[in-house]
Structures are given as C-alpha cells and as structure tokens.
Amino acid sequence: MKVAVIGGNGQLGRDVGSAFTDEGHAVTSLTHQEIEVSSLASVRESIEGLRPELVVNTSAFHHVEKCDADPAHAFAINGIGARNLAQITREMGATLMHISTDYVFDGLKNSPYTEEDAPGPLNVYGNTKLSGELFVRSINPRHFIIRTSAIYGENPCRAKGGLNFVELMLKLSTERKELRVVDDEFVTPTPATQIAQQLVALSRSSDYGLYHATAEGSCSWFEFAAAIFAITKTKIRLEPARPGEFPVKVARPKYSVLENQALKRRSLNVFTHWKDGLESYLARRAQSASLISA
Ligand SMILES: NC(=O)c1ccc[n+]([C@@H]2O[C@H](COP(=O)([O-])OP(=O)(O)OC[C@H]3O[C@@H](n4cnc5c(N)ncnc54)[C@H](OP(=O)(O)O)[C@@H]3O)[C@@H](O)[C@H]2O)c1
C-alpha cells in the first residue's frame, strides 16, 4: 500500500512510519513544513500527487493549556484539519486513520470507557479533538478513529517540549532527592510502538469505525512513576502530591482509562499490559545507553 503519515516527525508519527515501512508498505512521512492541515489547499497539494491508499493523521495541536488559550487555533488544526483530510481522502477513495484522545471523556466514570460511552470533553483540547472525530465520521466512510492515551516513546513529543513522562522522571531523579507526583489522575501509559503496530494490524481490516487503543490496565501518574523507579532500581523518595499541591489551570479528566472493546471483539487487539510495555521501553533504553558508552 501507499501510505502517507501526517505529523511524520512527531512522537507517534515516526513510529507509525517505521511500522508500515517494516511491513513492506511505501510510506511518505509529511512534516508540518510539508503540509498545513488547517488549509484545504495545502492538504490537497501535499497529498493528491502521492495517491496514497491510506492516510494516517497523527498531527494535532495538543498542548492542553495552549489549546485553552487559543481555541480558534486549536479548532483550526484539530477540527478543520481533520475535516480537510477527511474531504481529500474521500475524494481520492483513500482510507483515513485519525488519531484521537481519551480526553474526549469527562472522567466521571469509575470503570474503563468503551466506544459506546458518550463523550463529554472538559476542555478546549478535548472538544476540538471530538469535533475532528465528528468531521471524519461524517465525511469519509472509509475511516478508522483511534482514541489513545498517555503516549510515550523513543521519539520526543514535539508539542510537549521533547521529554516524555518516563524521561522526565528519570531526569528529575538525578536532580532531586525527593519527588512528589499526583496520585488522583488515572490513565493508561501506552507505548507509541504498540500503537503503531495496532494501526498496521487495523489497516488489514475493512471494519471501519471508532476504536479505543491503549495498553492494558491503568495507573495513577504516581503509580507510573513508582514503576519507572522500581524497574530502573532508581533510589529516590517518591511521595503522592498533597491535594492541590500542583494547581491546574485547565480541567482534565480524573479517570480516562479506555477499554479496547472494539479491537477485542474483532480479535485485533495487540496491546500488552502497561507494565510490560514500560519494561520493554526501559530495556531498549538501557541497551542503547550501553551501546553509546561502549
Ligand atoms: N502525547 C500524548 O500523550 C497523547 C495522548 C492521547 C492522544 N494523543 C494524540 O496522538 C497524536 C500524536 O501525538 P504525538 O505525541 O505524536 O505529538 P507530537 O510529537 O507533538 O506530534 C504532532 C505532529 O503534528 C505536527 N503538526 C502540528 N500541527 C500541525 C499542522 N497544523 N499541520 C501539520 N502538522 C502539524 C507536528 O509538527 P510540528 O511540531 O513541527 O508543529 C508534529 O510533527 C495527536 O493526535 C494527539 O492528539 C497524544
């Protein structure tokens, strides 16, 4: 297949490009310099000549505070950007895989959200991502909408200044004796490599629609940090943050755990438990560090 990856140099986009290339597909990765998703003309110009059969949209404006400060800009990229990609892919008869987020939910449920649960975003980021989903769903019938959560991977997250949560914790552990991390926000840390493998598996299917796609299980950010330090045998005093210790400017769901119900029903789920994914990531990290020091 000819595959175009939008956000090609992003944290997820890089792994998606590699995963499809490894499967023998002809991949073109488009960076923000090569495509502006909020412009229909740019989307048409960058994609039409490639004649892709599949377009994977990993692009987004997803810094939560910046989205709240500039809702029009967030909507232009997360909403209109998705609409433009849906329109051009439909005109070409191509399939669109569109990445969305656990932040479409309000976090009031106490068990994992399935694809059947009603969204209720709490902030501009979540609202604009939900609008992108709706555009994709209503414009191109050949679509996969993939909601995922708390991504980390070998490549830096461009919107969040480069360091993922794992790298941030390990860096802070070299600078401080004690760390305090929030223990009242529950997510599922999900490796970008596994999401990329999931997209490849899904691309073989024509069961279009909405899919939740995260690692198995869930944890608070505090529990995630504790697992990082346990696996790496890092010695540091880790404490749960006191209520209100880190005041947030923008409301976020307290519980945004997703259940991969649709993937499991179709026997397509590739994800392992989040702790297994973390162990593999840290093992690869240790291996490349030992290669560099050798
Ligand atoms: N990171 C998470 O924890 C998380 C959790 C749930 C869902 N998601 C979703 O997962 C997807 C991938 O996130 P990520 O972590 O890979 O983010 P990332 O590293 O910030 O990558 C996003 C990519 O999109 C590009 N981009 C931004 N605005 C664009 C525009 N207007 N036109 C074209 N390209 C544009 C960026 O390029 P520039 O940097 O050059 O602008 C970057 O290459 C996003 O859809 C996000 O909403 C992320």
Side-chain angles (χ1 to χ4, degrees), residues 4-19 29-47 55-64 66-67 70 72-85 88 96-105 113 119 121 123-133 136 144-168 185 187-196 198-199 211-215 221 224 252-253 256-258 274 277:
V5 181
I6 318 299
N9 60 348
Q11 171 174 233
L12 179 59
R14 281 182 191 268
D15 281 345
V16 169
S18 304
S29 288
L30 296 170
T31 67
H32 198 169
Q33 284 188 320
E34 293 157 318
I35 184 169
E36 172 51 64
V37 294
S38 61
S39 155
L40 185 65
S42 168
V43 171
R44 190 185 295 285
E45 195 184 320
S46 331
I47 293 184
V55 173
V56 185
N57 179 28
T58 71
S59 75
F61 183 47
H62 64 110
H63 189 290
V64 174
K66 287 183 185 165
C67 285
D70 195 349
H73 188 56
F75 182 65
I77 296 167
N78 299 335
I80 301 298
R83 174 262 183 185
N84 291 340
L85 287 161
I88 298 301
L96 177 60
M97 276 188 170
H98 175 70
I99 308 301
S100 192
T101 172
D102 53 338
Y103 272 33
V104 297
F105 291 113
Y113 286 94
N123 54 41
V124 168
Y125 169 60
N127 271 292
T128 56
K129 289 294 284 189
L130 181 60
S131 75
E133 290 188 8
V136 170
F144 296 98
I145 293 165
I146 293 108
R147 291 182 184 146
T148 191
S149 154
I151 305 175
Y152 65 96
E154 269 89 42
N155 307 297
C157 176
R158 292 175 64 83
K160 293 179 185 166
L163 282 190
N164 66 40
F165 185 79
V166 183
E167 298 302 330
L168 178 65
E185 218 178 278
V187 293
T188 303
T190 301
T193 46
Q194 288 193 13
I195 303 170
Q198 185 64 69
L199 299 189
Y211 290 87
H212 287 182
T214 66
W221 291 106
F224 189 24
R252 292 155 196 260
S256 58
V257 179
L258 306 181
W274 68 267

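Whatever order the structure lists ligands and atoms in, that order sets their numbers, starting from 1. All values below come from the heavy atoms of this structure, side chains included, with hydrogens, waters and symmetry mates left out.
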Shortest protein heavy-atom distance from atom 32 (N) of ligand 1, along with the residue and atom involved: Val37 N, 3.1 Å
For the OG atom of Ser100 and the CG atom of Leu130, what is their distance to the nearest 0.5 Å? 7.0 Å
With backbone taken as N, CA, C and O and side chain as the heavy atoms from C-beta onward, which portion of Gln11 lies under 4.0 Å from ligand 1: side chain, backbone, both, or neither? both
Numbering the atoms of ligand 1 from 1, which are under 4.0 Å from a heavy atom of Thr148? 6 (C), 7 (C)
Has ligand 1 got any nitrogen or oxygen that is less than 3.5 angstrom from a nitrogen or oxygen of Thr101? no
Identify, for atom 47 (O) of ligand 1, the protein heavy atom at the shortest distance, and state residue, atom and that distance. Tyr125 OH, 2.7 Å
Taking heavy atoms and a distance under 4.0 Å, where does Phe165 meet ligand 1: side chain, backbone, both or neither? neither
Does the separation of the ring centres of His73 and Phe61 fall below 6.0 angstrom? yes
Enumerate the atoms of ligand 1 whose separation from the nearest heavy atom of Ile77 is less than 4.0 angstrom. 31 (N)
Relative to the heavy atoms of Ala60, which atoms of ligand 1 are at a distance of less than 4.0 Å? 24 (O), 27 (C), 28 (N), 44 (C), 45 (O), 46 (C), 47 (O)
Cys157: heavy atom below 4.0 Å from ligand 1, yes or no? yes
Is there a nitrogen or oxygen of Ser38 sitting under 3.5 Å from a nitrogen or oxygen of ligand 1? no
Mind checking whether Tyr103 and Pro121 have side chains closer than 4.5 Å, heavy atoms only? no
Before we go on, tell me: are the rings of Phe105 and Tyr113 under 6.0 Å apart, centre to centre? yes
Close side-chain approach of His62 and Cys157, heavy atoms under 4.5 Å: yes
Purely on distance, is any nitrogen or oxygen of Asp102 under 3.5 Å from one on ligand 1? no
One finds that the ligand 1 atoms under 4.0 Å from a non-hydrogen atom of Ile35 are 32 (N), 33 (C)
Considering only the protein, which heavy-atom contact is closest to atom 17 (O) of ligand 1, and what is its distance? His62 NE2, 2.8 Å
Quick one: does ligand 1 sit under 4.0 Å from the side chain of Ser100, the backbone, both or neither, non-hydrogen atoms only? backbone
As a check for students: among Val5, Ile195, Ile151, identify the option with a heavy atom nearest to atom 4 (C) of ligand 1. Ile151
What do we get for Lys160 next to ligand 1 when only non-hydrogen atoms under 4.0 Å count, side chain, backbone, both or neither? side chain
Which protein non-hydrogen atom lies closest to atom 11 (C) of ligand 1, naming both residue and atom, and how far is it? Thr58 O, 3.4 Å
Please work out, at 4.0 Å between heavy atoms, whether the side chain, the backbone, both, or neither of Lys129 comes within that distance of ligand 1. side chain
Give the numbers and elements of all ligand 1 atoms closer than 4.0 Å to a heavy atom of Ala150. 3 (O), 5 (C)
N/O donor-acceptor pair under 3.5 Å between Thr148 side chain and Thr214 backbone: no
When you check the gap from the basic side-chain N to the acidic O, do Arg14 and Glu154 get nearer than 4.0 Å? no
To which protein heavy atom is atom 24 (O) of ligand 1 closest, and what is the distance rounded to 0.1 Å? Ser59 CA, 3.2 Å
Report yes if some N/O of Gly13 lies less than 3.5 Å from some N/O of ligand 1; otherwise report no. no
Element-labelled atoms of ligand 1 that are located less than 4.0 Å from some non-hydrogen atom of Gly10: 19 (O), 21 (O), 43 (O)
Ligand-residue contact atoms, ligand 1 with Ala159, heavy atoms, under 4.0 Å: 20 (O)
Can you tell if the side chain of Ile195 reaches within under 4.5 Å of the side chain of Thr190, non-hydrogen atoms only? yes
For Asn9 and ligand 1, does the shortest N/O to N/O distance drop below 3.5 Å? yes
Asn84 and its side chain to side chain contact (heavy atoms under 4.5 Å, CB included) partner, picked from Ile35, Leu40, Val37, Asn57: Leu40
Closest approach of any protein heavy atom to atom 30 (C) of ligand 1, naming residue and atom: His32 NE2, 3.2 Å
Okay, side chain of Ser39, backbone of Glu36: is any donor-acceptor separation there less than 3.5 Å? no
Taking the side chain from Asp102 and the backbone from Ser149, do they hold a donor-acceptor pair closer than 3.5 Å? no
Could you check whether any heavy atom of Tyr152 sits closer than 4.0 Å to an atom of ligand 1, since that is the contact criterion I want to use? no
How long is the gap from CD1 on Ile77 to OG on Ser38, to the nearest 0.5 Å? 6.0 Å
Under 4.0 Å to a heavy atom of Gly7 - the qualifying atoms of ligand 1, by number: 23 (C), 24 (O), 43 (O)
Any donor-acceptor N or O pair under 3.5 Å, side chains Glu34, Ser46: no
May I ask you to identify the nearest protein heavy atom to atom 10 (O) of ligand 1, giving residue, atom name and distance to one decimal place in Å? Ile99 CG2, 3.4 Å
When you measure from the side chain of Asn127 to the backbone N and O of Asn123, does any donor-acceptor pair fall under 3.5 Å? yes
So do the side chains of Arg158 and Asn9 get within less than 4.5 Å of each other, counting heavy atoms only? yes
Donor-acceptor contact present, side-chain Lys129 to main-chain Ile99, <3.5 Å: yes
Does the N or O separation between Leu12 and ligand 1 drop below 3.5 Å for any pair? yes
When you measure from the side chain of His98 to the backbone N and O of Phe144, does any donor-acceptor pair fall under 3.5 Å? no
Quick one: nearest non-hydrogen protein atom to atom 42 (C) of ligand 1, plus distance? Arg158 CD, 3.8 Å
